[in-house]
Amino acid sequence: MEINLVSDTVTKPSVEMLQFMFNSKVGDDVYKQDPTVNALEARVAEMFGFEAALFFPSGTMANQTAIKLHTQPGEQLIADKWAHIYNYEGGGVSFNSGVSCALVDGHRGMINSDLVLDAINNPEFYHSPLTSLVSVENTTNKGGGACYDLDELRRIQAVCKNHNLKFHLDGARIWNALVAKNDNPAAYGQIFDTISVCFSKGLGAPVGSVLAGSKEMMHRALRIRKIFGGGMRQAGYLAAAGLYALDHNIKRLEEDHRRAKELGALLQNLPWVQQVEPVETNILIFTVQPQISENTLMEKLKLRNIYISSMGHGKLRIVTHLDYREVMHTYVMETLEKLF
């Protein structure tokens, strides 16, 4: 029994999801004639209170399209130093949009309105890049699945409005945040200009993300997606997985959160663990004592068919997901307890 806790992207579609995909009606989505893609886009737009949405093969492409929508070459966006768009999207901010990043030192990957205000360049000072966009990530990946409070997001929104900035949400794990905080998705649509959401992480779909915003923005996004090579044909087979996930896999995220918290509580009391960061959702980040290398720990776990990931600088990451069942959880808990 292999237990892969490297990421929640390692999940496989369930038999029921595959059957739903197999039975879906499809057309040519490049011509916007795929009924299942259209249905998923309409569903996500309605959930978040937007006019329109667009289906993408990846969250990275959805985020990069949003950045391209909101900026011009030579401008600058504000994000946390741990932001996915800066650290894990291949330098696409500069390559695709010719934009630089003003990185701020937030808390667990989350920024606040004061940090945003301090990072805005004076628009009259033409020696500096023009600040045009603020991007936040919810939940935060490198921040250990931390969730924003809506009130803080509204304060950032107010700063954006006062300084004529656009506001984008990288909502790759927004579903986890919605469950953990019991938030209404429509509240997010009132705050952000665009939101990207992902189906291939906690919701267990094999592929796919959606970008949502105004009708005018999504019309422009369609052209950008084409330029990026993201047009797909009978993509309804993939979009169907997203529709199935929305109906069946959101509430069960509570199980992932519970198991991550139980793992965190256990690690907190083990002598070979130096620190466990707060656990809010399905991502658990911890460090081991200096005399134990992270590679040693990972190898020990690998010998017991348990796989976790390193984030560098002594940090290790465990991510729970829908393929991590209770029997596996019991085994991992027992293994960690007896490891050293």
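Quick note: residue numbers are just sequence positions, from 1. All heavy atoms count here, side chains included; hydrogens, waters and symmetry mates do not.
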Under 3.5 Å, sequence neighbours excluded: what are the donor-acceptor pairs made by side chains of residues 33-45?
unit_1 : atom_1 : unit_2 : atom_2 : d
Asp34  : OD1    : Thr36  : N      : 3.0
Asp34  : OD1    : Val37  : N      : 3.1
Asp34  : OD2    : Gly27  : N      : 3.1
Asp34  : OD2    : Gly236 : N      : 2.9
Thr36  : OG1    : Lys25  : O      : 2.4
Asn38  : ND2    : Lys32  : O      : 3.3
Asn38  : ND2    : Asp34  : O      : 3.3
Glu41  : OE1    : Lys32  : NZ     : 2.9
Glu41  : OE2    : Lys32  : NZ     : 3.1
Glu41  : OE2    : Phe55  : N      : 2.9
Arg43  : NH1    : Asp247 : OD1    : 3.4
Arg43  : NH2    : Asp247 : OD1    : 2.7

Would you be so kind as to tabulate the donor-acceptor pairs closer than 3.5 Å made by side chains of residues 283-294, with sequence neighbours excluded?
unit_1 : atom_1 : unit_2 : atom_2 : d
Thr287 : OG1    : Gln275 : N      : 3.4
Gln289 : NE2    : Pro271 : O      : 3.3
Gln289 : NE2    : Val273 : O      : 3.2
Ser293 : OG     : Thr296 : N      : 3.0
Ser293 : OG     : Thr296 : OG1    : 2.7
Glu294 : OE1    : Ser310 : OG     : 2.3
Glu294 : OE2    : Gly314 : N      : 3.0

Measure across [X] and [Y] and return the closest heavy-atom pair with its distance rounded to 0.1 Å.
X: Met218; Y: Thr194; answer: CE-CG2, 4.3 Å
X: Asn249; Y: Met17; answer: ND2-CE, 3.8 Å
X: Ser135; Y: Ile111; answer: O-CD1, 4.4 Å
X: Gly242; Y: Ala205; answer: N-CB, 4.4 Å
X: Gly264; Y: Val279; answer: CA-CG2, 4.4 Å

Open item on the list: Suppose we screen for side chain to side chain donor-acceptor pair (under 3.5 Å). Which residues come up paired with Ser94, at least two apart in sequence or across chains?
Closed with: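 By the side chain to side chain donor-acceptor pair (under 3.5 Å) rule, Ser94 matches no residue at all.
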Task: Residues in side chain to side chain donor-acceptor pair (under 3.5 Å) contact with Ser7, at least two apart in sequence or another chain - done: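 Partners of Ser7 by the side chain to side chain donor-acceptor pair (under 3.5 Å) criterion, ordered by chain and then number, come out as Thr9.
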Is there a donor-acceptor contact under 3.5 Å from the side chain of [X] to the main chain of [Y]?
X: Arg259; Y: Tyr324; value: yes
X: Thr281; Y: Gly145; value: yes
X: Gln157; Y: Gln190; value: yes

Open item on the list: Suppose the criterion is salt bridge (Lys or Arg N to Asp or Glu O under 4.0 Å): which pairs have a residue in residues 169-178, not counting sequence neighbours?
Closed with: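 Checked against salt bridge (Lys or Arg N to Asp or Glu O under 4.0 Å) - neighbours excluded - the pairs reaching residues 169-178 are Asp8-Arg173.
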Open item on the list: Applying ring-ring contact (aromatic ring centres under 6.0 Å, His included) as the test, list every pair that has at least one member in residues 111-131; sequence neighbours left out.
Closed with: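 Qualifying pairs, neighbours excluded: Phe125-His127.
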Task: Pair listing, ring-ring contact (aromatic ring centres under 6.0 Å, His included) test, anchored in residues 132-171, at least two apart - done: Phe167-Phe192
Open item on the list: With a 4.5 Å cut-off on side-chain heavy-atom distances among I, L, V, M, F, W and Y, is there a chain of contacts connecting Val197 to Leu211?
Closed with: no
Open item on the list: Tell me whether Trp272 shares a hydrophobic cluster with Met298, the cluster being built from Ile, Leu, Val, Met, Phe, Trp, Tyr side chains joined at under 4.5 Å.
Closed with: yes
Side-chain donor/acceptor pairs under 3.5 Å, residues 180-189, sequence neighbours excluded:
unit_1 : atom_1 : unit_2 : atom_2 : d
Lys181 : NZ     : Asp149 : OD1    : 2.6
Asp183 : OD2    : Tyr188 : OH     : 3.2
Asn184 : OD1    : Ala186 : N      : 2.9
Tyr188 : OH     : Asn138 : ND2    : 3.2

TODO: Each residue besides Leu133 in its hydrophobic cluster should be listed here, by chain and number; the cluster joins Ile, Leu, Val, Met, Phe, Trp and Tyr at side-chain heavy-atom distances under 4.5 Å.
DONE: Ile67, Leu77, Ile85, Val93, Val99
- [ ] Share the residues that join Phe22 in a hydrophobic cluster, the rule being Ile, Leu, Val, Met, Phe, Trp or Tyr side chains under 4.5 Å apart at the heavy-atom level.
- [x]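 Joined to Phe22, directly or through intermediates: none.
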Open item on the list: Once ring pair (Phe, Tyr, Trp, His ring centres under 6.0 Å) is applied, do any residues pair with Phe95, and if so which ones, sequence neighbours excluded?
Closed with: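 Scan of Phe95 (ring pair (Phe, Tyr, Trp, His ring centres under 6.0 Å), adjacent residues dropped) gives none.
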Task: Any residue meeting side-chain contact (heavy atoms from CB on, under 4.5 Å) with Glu51, in chain and number order, not counting sequence neighbours - done: Ser214, Lys215
Open item on the list: Quick one, Lys166 with Met217, criterion side-chain contact (heavy atoms from CB on, under 4.5 Å). Give me CA distance, side-chain angles, the key distance, then yes/no.
Closed with: CA-CA 12 Å; Lys166 296 297 185 182; Met217 279 185 188; 4.1 Å; yes
